[in-house]
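Structure first, then comments.
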Amino acid sequence: MPWLLLAGAIAALAIGDVFFAFDEMAVATGFYLAMFVLVAGALLQFTQGGSVIVDRARLIDMLAFACAALLVVWVFVIGDNTFLGEVSPSDVIGSLLLIAVAARLTLAVPRNVSAMLLLVGSIGLLSGDVLYPLFPGEAAETGFRVLYVTWGLAALHPSMVRLTQPMTPRTTGWHGRWAALLGASVATPPAVLLIEALQGEVNDGVPIAIAGAITLTLTITRLADSATLNSRALARERGLRGASTALVSAADVSAVDEALRNAVAALLPRDAVRRVVFAPDDRHLAAEHLPPPPPGRRRTWWVDNGDTSAVEPSAPLPGASLPTADGPGHPSADAVAKPDSATPPRPSRTRLTHRLREWLRTSSAAGTGEQATLVCPLWLEPLAVARPSGGALVLTGRRDALSAAHDALEVLAGQAAMALDRISLVEAVGRRDSDLYLRTVISNTADLMLVLDEDQRIRYASPALHELLGDDELSPLATLEDLVHPDDRGQIRRAFTTGGDGTMFCALRRPDHSQVLVEATYRDLRGDRLVQGFVVTMRNAAEPRNTLDNTPHREQLDLLPAWINRRSAQHKFRY
């Protein structure tokens, strides 16, 4: 949009030159003034919505003050000079304001060629506005030619993209001196008009009206920006307050996911976010195939959506060629080898259609805003031990909207991390209490039982296992692989890596280097909220198996098939 407005400004200037050549001064002046209005709209677009000039409020205050100061200088210093009286005051004031904004753009984006060209063109416009009325001729029109050339090159140079690249907006605090400056700028045009009226005749009505309109427009823009920022801050506060309430009451990961999605919907516009991914740990985050994070521990980082897989491909336009084995947008080898004789190919028309489709696709993408991905890691440094698995909140959408809510999304990710850590701690305490209860209840049982974490670390071992191994205590970091013979570690690793339930035979090592062959039956209870691990029961394979243990009880006989539900002496004596 800002570049289209600049193109309209150049067109208005050219049309004004045409009417100026035919001595239609009133129409030419109207187009010249329209040129300034279009340029002002373009510069406001450059500074809107978290663009390269993040401190837009200060820029507006300085522009209003500069406009008021130029009005005072023109009326009381230059206006009485007969030599400079031929220069149009409105053109000079407008050119100086353009130079001020172009200079601010150049300082905001150092070494940007497009910003420098805009500044040079503004200086050329000022020189043409001053020199042409004083020294009419071809040489005095050089400044206007510089304007045409430099602004055209600024729009064509690749660095022009950076001038509309969104950045994180900076919150501007309220200062009394800036408010006083803005108030003095608004009061200057009426004061100048009053002074001239008291002197008997108003000679500079047009400059005063133009300066008053500019300062009033800037003031209204400043107030509108303040009201917009205030309403956005209130909306973010309400969204974060609701998210905090939902995350505090969340009892599991799915509740945290739902609370995050509701908070994102409240913090961002509906059409601003294309995709929200909640990865509670690094394993889920790896499935998104995101590029590695930048070095150092960062609260957030950006991922450009040029070639990332996090963004779904957009649907092709009607009639567009689909990708084939020879590449996207190119016909297959068979189509090239066997062209249709009835419809001969038209290379020029094909190229024109392809360019038109590319232009439509680019215009559609530009209308929806630049797409980017914001990654907010879910980690809190003090509680990293409670949940060291990481994870992140990944949002894909318009970069300007994500930049505006950047701070709120960081806070939301921190609250989600705190909720996940709380859930992990509560589950860890519950598992500890469950293990203590199990230890107390089966302290005198002869069953060999192990409870393993997902990384195969032994969380609980029954006392019978200690008696079998002849070891009273196990290391807190011991795993099942540490207890078995090295030859059996491979099958242990494969069994617990693939998951599921099963039975295997392995040899346990005692401290005296003797071995015990056991039959281990394991159950995968990682999905169980109370266990979240593997339960392994063992039996000494050297001891004879009691076949009566597999015999069903009498209360279960009616539920078994007929060939089992038969009376026998074994059943009689057992029951």
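Positions are given from 1 along the sequence. Predicted, not measured: the structure shown is a model, and the values here were computed from it.
Put simply, the side chain of N112 gets close to the backbone of A115: a donor and an acceptor are under 3.5 Å apart. Although no hydrogens or angles enter the test, the distance criterion places a donor-acceptor pair under 3.5 Å between the side chain of N262 and the main chain of E258. Side chain of D281 to main chain of G391: no donor-acceptor pair is present (N/O by atom type, distance under 3.5 Å, no hydrogens or angles).
One distance of note links SG of C376 with CG of L260; it measures 10.0 Å at 0.5 Å rounding. Atom CG in L378 sits 6.0 Å away from atom CZ in F278 (nearest 0.5 Å). The CG atom of L412 sits 8.0 Å away from the OG atom of S244 when rounded to the nearest 0.5 Å. E237 contributes atom CD, which lies 8.5 Å from atom CG of L240 (distance to the nearest 0.5 angstrom). In this structure, I214 CD1 and C67 SG are separated by 4.0 Å, a value rounded to the nearest 0.5 Å. Distance OG1/T150 to NE2/H157: 13.5 Å, rounded to 0.5 Å.
With a 6.0 Å radius and a threshold of 12 heavy atoms from other residues, nucleotides or ligands, F20 has its CZ atom at or below the threshold.
Side-chain contact between L247 and M418: absent, with no pair of heavy atoms (C-beta onward) separated by less than 4.5 Å. You'll find the side chain of V276 stays beyond 4.5 Å of the side chain of V394, heavy atoms only. Residues I10 and W151 meet the side-chain proximity criterion, which asks for heavy atoms closer than 4.5 Å. Using a 4.5 Å cut-off on side-chain heavy atoms (C-beta onward), Q199 and I195 make contact. Between V303 and L374, the closest side-chain pair of non-hydrogen atoms is not below 4.5 Å. Under the 4.5 Å side-chain criterion, counting only non-hydrogen atoms from C-beta, V72 is in contact with V192. The shortest distance between side-chain heavy atoms of T396 and V277 does not fall below 4.5 Å. Y32 is listed as a side-chain neighbour of D17, based on a closest heavy-atom distance under 4.5 Å.
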Could you give me the CA-CA distance, side-chain angles and deciding distance for V39 and L5, then say whether side-chain contact (heavy atoms from CB on, under 4.5 Å) is met? CA-CA 7 Å; V39 172; L5 291 175; over 6 Å; no

Passes side-chain contact (heavy atoms from CB on, under 4.5 Å), E138 versus R145? Steps please. CA-CA 10 Å; E138 292 291 333; R145 297 190 183 95; 2.7 Å; yes

Check step by step if side-chain contact (heavy atoms from CB on, under 4.5 Å) holds for V27 and F22. CA-CA 10 Å; V27 180; F22 287 99; over 6 Å; no

Determine, step by step, whether T300 and L409 satisfy the side-chain contact (heavy atoms from CB on, under 4.5 Å) criterion, reporting the C-alpha distance in whole Å, the side-chain angles of both residues, the deciding distance to 0.1 Å, and the verdict. CA-CA 9 Å; T300 56; L409 294 175; over 6 Å; no

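Between D407 and R236 there is no salt bridge, since no side-chain N of the basic residue sits under 4.0 Å from a carboxylate O of the acidic one.
Contact between A243 and A263 at its shortest, heavy atoms only, is CB-CB, 3.5 Å. The two residues G212 and T215 make their nearest non-hydrogen contact at O-OG1, 3.0 Å. Heavy-atom minimum distance, W3 versus S114: CH2-CB, 4.4 Å. Contact detail for I208 and P189: the closest heavy-atom pair is CG2-O, 3.6 Å. Here the shortest heavy-atom pairing between A211 and L71 reads CB-CD2, 3.6 Å. Taking every heavy atom of both residues into account, A154 and L117 meet most closely at N-CD1, 3.6 Å.
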Review item, side-chain donor-acceptor pairs of residues 124-135, under 3.5 Å, at least two apart:
| from | atom 1 | to | atom 2 | distance (Å) |
| --- | --- | --- | --- | --- |
| S127 | OG | I123 | O | 3.4 |
| S127 | OG | G124 | O | 2.7 |
| D129 | OD2 | S95 | OG | 2.6 |

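A donor-acceptor pair shorter than 3.5 Å can be found between the side chains of S226 and R222.
Test T373, L267, L268 against L395 for side-chain contact (heavy atoms from CB on, under 4.5 Å) and you get one pass: L268.
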